[in-house]
There are 2 protein chains.
Amino acid sequence: MKEKFVEINQMLVEVYDDVNRIEEYSIKQGAFSDLSITEIHTVEAVGLYGSKTMSEIAAQLEITMGTLTTAVDKLIRKGYLERKRSNTDRRIVNVSLTNRGKLAYRIHEKFHLDMVKAIMNDFTAQEEEILLKALRKLNSHLKDIYMAARQSASTRGS
Amino acid sequence: MKEKFVEINQMLVEVYDDVNRIEEYSIKQGAFSDLSITEIHTVEAVGLYGSKTMSEIAAQLEITMGTLTTAVDKLIRKGYLERKRSNTDRRIVNVSLTNRGKLAYRIHEKFHLDMVKAIMNDFTAQEEEILLKALRKLNSHLKDIYMAARQSASTRGS
DNA sequence: CCTATATATTTTGATTATCAAAATATTTGT
DNA sequence: ACAAATATTTTGATAATCAAAATATATAGG
């Protein structure tokens with residue numbers, strides 16, 4: 001029994017590392033080699049449609065706004081993002097993707113989908129279905145664990 | 001059909017992010033809060049048994065030896081690692097875990113297994129088996145993709 | 001047995017990602 | 001109108017990383 005857990009853990013760790021490294025390599029080739037993984041993720045967080053505020057993006061990425069400010073500065077310099085002060089509330093900054101940013105978003109998305117397709121290639125429809133179900137469960141469990149950890153981290157000492 | 005790929009991709013991305021964050025929180029609590037995730041991974045790479053050379057560890061972690069040198073310096077200062085020059089070849093440095101390092105290793109390992117156990121708790125034996133199979137497949141596919149990317153990255157321009 | 005070359009590691013100098021806390025600008029509640 | 005709250009940026013610091021130069025040691029060929 002423990003054997004199985006050990007192997008599942010091993011698999012998860014390796015999958016994790018591989019995904020990370022594959023993503024890294026895939027960016028360094030390709031048309032957007034001037035973006036780091038972190039930067040791609042910021043582009044992803046801004047999203048294709050409309051704009052988001054600095055607070056929204058920072059919350060989604062779980063980084064401080066200070067960190068985000070410098071990240072956005074650089075992505076604007078590189079031509080992927082746009083910054084616009086809100087007219088209704090001048091404190092708020094609305095960040096959106098430029099056309100170049102949208103292109104980067106779509107290409108990165110395609111890379112992800114291609115990877116999934118390659119993986120699912122020799123899965124039967126039934127296996128696919130079961131995997132999806134298992135992943136949903138796995139994901140929801142992780143979210144629970146994560147929320148609990150987050151909670152205990154933020155209330156410690158209070 | 002594409003729908004399913006999109007969801008599987010989404011699940012994988014979220015699992016990835018959650019695992020990362022859970023690990024981070026779990027370290028920041030616990031007895032070894034003076035270690036970062038990167039440092040825990042270095043401890044893991046050194047391993048419980050015997051010693052490894054700088055080159056071996058750097059290769060395993062896919063970082064340069066320069067990076068590793070400073071990482072090892074700090075982990076020695078913190079009492080997790082030991083450095084010893086080989087007697088048979090004075091160029092070689094053998095790195096091993098101290099008792100404190102071994103304890104950190106075991107506790108981190110336990111954290112991983114507990115997480116897997118918590119996740120698998122309400123999986124049926126059959127689901128467990130299928131997830132494991134899927135993970136094996138996923139992992140082997142990722143390794144293939146990874147090797148190909150690595151190859152094309154290292155031969156580009158030659 | 002020397003010397004050139006190869007190997008293992010460390011040092012140096014730089015960059016990127018990150019944070020917490022202070023500063024700035026703007027809005028809102030009383 | 002002004003104090004408190006909110007949104008963001010700036011500042012000053014640290015960690016992780018790399019490539020290239022420097023150092024130390026080993027090995028192979030004459």
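Reminder, nothing fancy here: chain letters follow the sequence lines and each chain counts from 1. Heavy-atom basis, side chains included; hydrogens, waters and symmetry copies ignored. Given the structure is predicted, the values throughout are model-derived calculations rather than measurements.
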Exercise for the section: Would you tell me if any nitrogen or oxygen in the side chain of B/K74 comes within less than 4.0 Å of OP1 or OP2 on D/dA16? Expected result: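 Yes, B/K74 has a side-chain N/O under 4.0 Å of OP1/OP2 on D/dA16.
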Problem - Under-4.0 Å side-chain N/O to phosphate OP1/OP2 contact, B/S36 with D/dA16 - result: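 For D/dA16, OP1/OP2 do have a side-chain N/O of B/S36 under 4.0 Å.
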Just the rounded figure in Å: distance from [atom2] of [N] to [atom1] of [X].
X     : N      : atom1 : atom2 : answer
A/I92 : C/dA25 : CD1   : C1'   : 13 Å
A/D73 : C/dT18 : CG    : C1'   : 15 Å
A/N87 : C/dT27 : CG    : C1'   : 15 Å
A/R77 : C/dT16 : CZ    : C1'   : 12 Å
A/D34 : C/dT15 : CG    : C1'   : 15 Å
A/R83 : D/dT10 : CZ    : C1'   : 12 Å
B/I76 : C/dT10 : CD1   : C1'   : 13 Å
B/R85 : C/dT7  : CZ    : C1'   : 12 Å

Problem - Residue met sooner reading DNA chain C from 5', once B/V93 and A/R91 are mapped to nucleotides - result: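 On the 5' side of the pair lies B/V93.
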Practice task
Assign each of A/A71 and A/T88 to its nearest nucleotide of DNA chain C by heavy atoms, then name whichever residue's nucleotide is nearer the 5' end.
Solution key: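 It is A/A71, whose closest nucleotide lies nearer the 5' terminus.
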Handout entry: A/L68 to A/M54 - nearest heavy-atom pair and separation
Key =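 Reported closest heavy-atom pair: CD2-O, 3.2 Å.
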Handout entry: Electrostatic pair A/R77:A/D73 at N-O distance under 4.0 angstrom
Key =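 Salt bridge between A/R77 and A/D73, a charged N being under 4.0 Å from a carboxylate O: no.
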Under 3.5 Å donor-acceptor, [X] side chain and [Y] backbone:
X      : Y      : answer
B/R85  : B/R90  : yes
B/E128 : B/A125 : no
B/T69  : B/M65  : yes
B/E56  : B/T53  : yes
A/K52  : A/G47  : no

Practice task
Check whether any side-chain heavy atom of B/M120 sits under 4.5 Å from a side-chain heavy atom of B/M115, and report yes or no.
Solution key: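 With C-beta onward as the side chain, the pair stays apart.
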Handout entry: Selected nucleotide, minimal atom distance to A/M54 side chain, candidates D/dA16, D/dT9, C/dT10
Key =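 Between D/dA16, D/dT9, C/dT10, the one nearest the side chain of A/M54 would be D/dT9.
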Practice task
Identify which nucleotide among C/dT27, D/dA16, D/dA26 has an atom closest to any side-chain atom of B/D89, counting heavy atoms from C-beta outward.
Solution key: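 Given the options C/dT27, D/dA16, D/dA26, the side chain of B/D89 is closest to D/dA26.
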Could you pull out the protein-nucleic contacts involving nucleotides 18-21 of chain D (nitrogen or oxygen on both sides, under 3.5 Å)?
residue	atom	partner	partner atom	Å
D/dC18	OP2	B/T64	N	2.9
D/dC18	OP2	B/T64	OG1	3.2
D/dC18	OP2	B/T67	OG1	2.7

Practice task
Take the angle between the ring planes of A/F32 and A/Y80 and call it parallel below 30°, perpendicular above 60°, tilted in between.
Solution key: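 Rings of A/F32 and A/Y80: perpendicular, as their planes differ by over 60°.
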Exercise for the section: Pick base, sugar-phosphate or nothing for A/T70, based on heavy-atom distances below 4.0 Å to the nucleic acid. Expected result: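 It contacts base atoms.
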Practice task
Return yes when atom CD of B/E7 has more than 12 non-hydrogen atoms of other residues, nucleotides or ligands closer than 6.0 Å, and no otherwise.
Solution key: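 For B/E7, atom CD is crowded (more than 12 foreign heavy atoms under 6.0 Å).
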Handout entry: Contact list for DNA chain D against residues 37-45 of chain B - heavy-atom distance below 4.0 Å
Key =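 B/T38 - these, ordered by number, are the residues of the stretch whose heavy atoms sit under 4.0 Å from the strand.
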